[in-house]
Number of protein chains: 2
Amino acid sequence: MLSNASKYAIRSVLFLAKNSSKENKYGAKSISDELEIPLHFIAKLLQQLVKANVISSSKGPRGGFYTTTNDLNNNVCTILDEIEAGDVFEPCFMGLPQCGDENPCPVHHIVAPFKEAILEKFKHQSIADFAIEIKEDGTFLSLKGIDKK
Amino acid sequence: MLSNASKYAIRSVLFLAKNSSKENKYGAKSISDELEIPLHFIAKLLQQLVKANVISSSKGPRGGFYTTTNDLNNNVCTILDEIEAGDVFEPCFMGLPQCGDENPCPVHHIVAPFKEAILEKFKHQSIADFAIEIKEDGTFLSLKGIDKK
DNA sequence: GCATATAAAGATAATTTAGTCTTTTATTTA
DNA sequence: TAAATAAAAGACTAAATTATCTTTATATGC
């Protein structure tokens with residue numbers, strides 16, 4: 001459903017939202033290490049997100065990527081709009097060109113509520129709120145070094 | 001989540017399950033037309049499914065693809081096992097290598113129930129039952145010629 | 001001001017997925 | 001038995017996605 005690029009981008013932004021500040025920046029290298037994402041790939045994506053004002057950056061020693069309180073007003077869909085070509089959630093799960101409530105594919109009744117739920121989160125929850133939730137719930141953006149049960 | 005190949009294959013098999021019989025076969029061309037799938041692409045997939053005993057075929061005039069009652073005992077996951085490399089539903093929505101109930105990503109609680117629901121259908125409902133349900137519910141495998149609302 | 005660290009930019013390469021084309025083989029029917 | 005039809009098989013092409021590499025620009029600290 002999401003491309004690797006989108007997954008990488010979302011996790012990176014949420015990571016910065018959770019951990020960074022103007023005084024505490026993260027270089028592409030450390031994000032790459034922390035989230036186990038190919039360095040040059042995530043570097044590209046981060047650049048793109050800076051240009052789109054989703055995150056911020058500064059060059060030079062002690063430079064890196066970070067989020068401002070203003071950046072945090074965005075939501076996850078802002079990221080997707082930047083990375084993906086079209087609407088990621090529009091295409092029918094079974095590939096029908098015009099699947100919808102009126103003309104449903106055989107799994108529409110299962111897929112539609114899921115899409116709604118995820119869209120609610122991605123569209124209507126700010127990055128800031130999402131990051132707070134992640135802190136509170138203790139969910140993960142990386143499982144580096146976590147021993148699998 | 002599903003590749004085009006999988007979507008094409010699933011729709012084709014369900015189409016045959018719903019419409020075909022030993023006496024009423026469908027050529028690759030008519031399936032391609034009916035479901036609006038590239039001819040040579042679906043031809044390849046159908047061949048693959050015949051070899052895997054998911055559907056049946058016969059060559060020559062009045063030949064084509066069809067399903068036997070035995071074929072119909074399969075389920076959708078049988079198709080996916082044939083077309084896709086690994087488990088389509090295993091990968092985490094956010095890309096975490098070991099996301100699960102113990103170590104959930106930030107959307108695991110939304111995604112997991114969906115995966116369960118779709119897997120229940122794809123793994124535990126026979127193609128036969130699925131086709132019956134499609135007939136009863138009037139859901140669509142193709143929207144060719146349906147006027148969009 | 002110089003060395004260094006880091007993002008920015010752009011070119012290139014590799015892989016996967018999607019789609020097409022051609023030839024061969026089997027079956028049916030006249 | 002010949003002609004027609006349709007699947008089977010395999011080679012090939014195209015496009016999208018993923019990933020890498022190299023160079024340039026900019027800010028920092030000494």
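Chain letters run A, B, ... following the sequence lines, proteins first and then strands; every chain starts at 1.
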Check: To the nearest Å, how far apart are B:Leu45 CG and D:dA7 C1'?
Finding: 14 Å
Check: Counting only heavy atoms not in A:Lys51, do more than 12 fall under 6.0 Å of its NZ?
Finding: no
Notebook entry, point to check: Using 30° and 60° as the class limits, which term best fits the ring planes of B:Phe114 and A:Phe93: parallel, tilted or perpendicular?
Noted result: perpendicular
Next item on the list: Identify which one of A:Ile127, A:Leu14, A:Leu45 satisfies the side chain to side chain contact (heavy atoms under 4.5 Å, CB included) criterion when paired with A:Ile79.
Entry: A:Ile127
Notebook entry, point to check: Within the pair A:Ser57 and C:dT6, is there a side-chain N or O less than 4.0 Å away from OP1 or OP2?
Noted result: no
Notebook entry, point to check: Taking A:Ser12 as the fixed residue, which of A:Leu141, A:Leu49, A:Ile31 is the one that meets the side chain to side chain contact (heavy atoms under 4.5 Å, CB included) rule?
Noted result: A:Ile31
Checklist line | For atom CD1 of B:Ile83 and atom P of C:dG19, their distance in whole Å | finding: 14 Å
Notebook entry, point to check: Which pairs count as salt bridge (Lys or Arg N to Asp or Glu O under 4.0 Å) when at least one residue sits in residues 76-95 of chain B, sequence neighbours excluded?
Noted result: none
Next item on the list: May I have the distance from A:Gln48 (atom CD) to D:dT17 (atom P), rounded to whole angstrom?
Entry: 13 Å
Checklist line | Whole-Å gap separating P (C:dA7) and CG (A:Leu16) | finding: 11 Å
Margin query: Go nucleotide by nucleotide along DNA chain C from the 5' end; which of A:Lys51 and B:Leu2 gets its closest nucleotide reached first?
Written below: A:Lys51
Next item on the list: For A:Tyr26, enumerate each residue passing the ring-ring contact (aromatic ring centres under 6.0 Å, His included) test, keeping only those at least two apart in sequence or located in another chain.
Entry: A:Phe15
Checklist line | Residues touching DNA chain C, which here means a heavy atom under 4.0 Å, drawn from residues 3-14 of chain A | finding: none
Item checked: N/O donor-acceptor pair under 3.5 Å between A:Thr78 side chain and A:Asn75 backbone -> yes
Note to self: Is any side-chain heavy atom of A:Asn53 closer than 4.5 Å to one of A:Asn74?
What the structure shows: no
Notebook entry, point to check: Are the side chain of A:Lys115 and the backbone N or O of A:Phe89 linked by a donor-acceptor pair below 3.5 Å?
Noted result: yes
Next item on the list: Identify, residue by residue, the members of residues 32-44 of chain B with a heavy atom below 4.0 Å from DNA chain C, and return them in order of residue number, or none.
Entry: B:Pro38, B:His40, B:Phe41
Check: Rounded to the nearest Å, what distance is computed from the CD atom of residue A:Glu23 to the C1' atom of nucleotide D:dT28?
Finding: 16 Å
Item checked: Side-chain heavy atoms of A:Ser56 within contact of A:Asn70, under 4.5 Å -> no
Check: Ignoring hydrogens and angles, are the base of D:dA8 and the side chain of B:Gln47 linked by a donor-acceptor pair under 3.5 Å?
Finding: yes
Item checked: Residues which pass side chain to side chain contact (heavy atoms under 4.5 Å, CB included) with A:Asp137, listed by chain and number, not counting sequence neighbours -> A:Glu133, A:Thr139
Check: Which parts of residues 58-67 of chain B get close to DNA chain C, meaning a heavy atom less than 4.0 angstrom away?
Finding: B:Lys59, B:Gly60, B:Pro61, B:Arg62
Margin query: With nearest nucleotide decided by heavy atoms, which residue, B:Tyr26 or A:Lys25, maps closer to the 5′ end of DNA chain D?
Written below: B:Tyr26
Margin query: Rounded to whole Å, how long is the line connecting atom NZ of B:Lys29 with atom C1' of C:dC21?
Written below: 16 Å
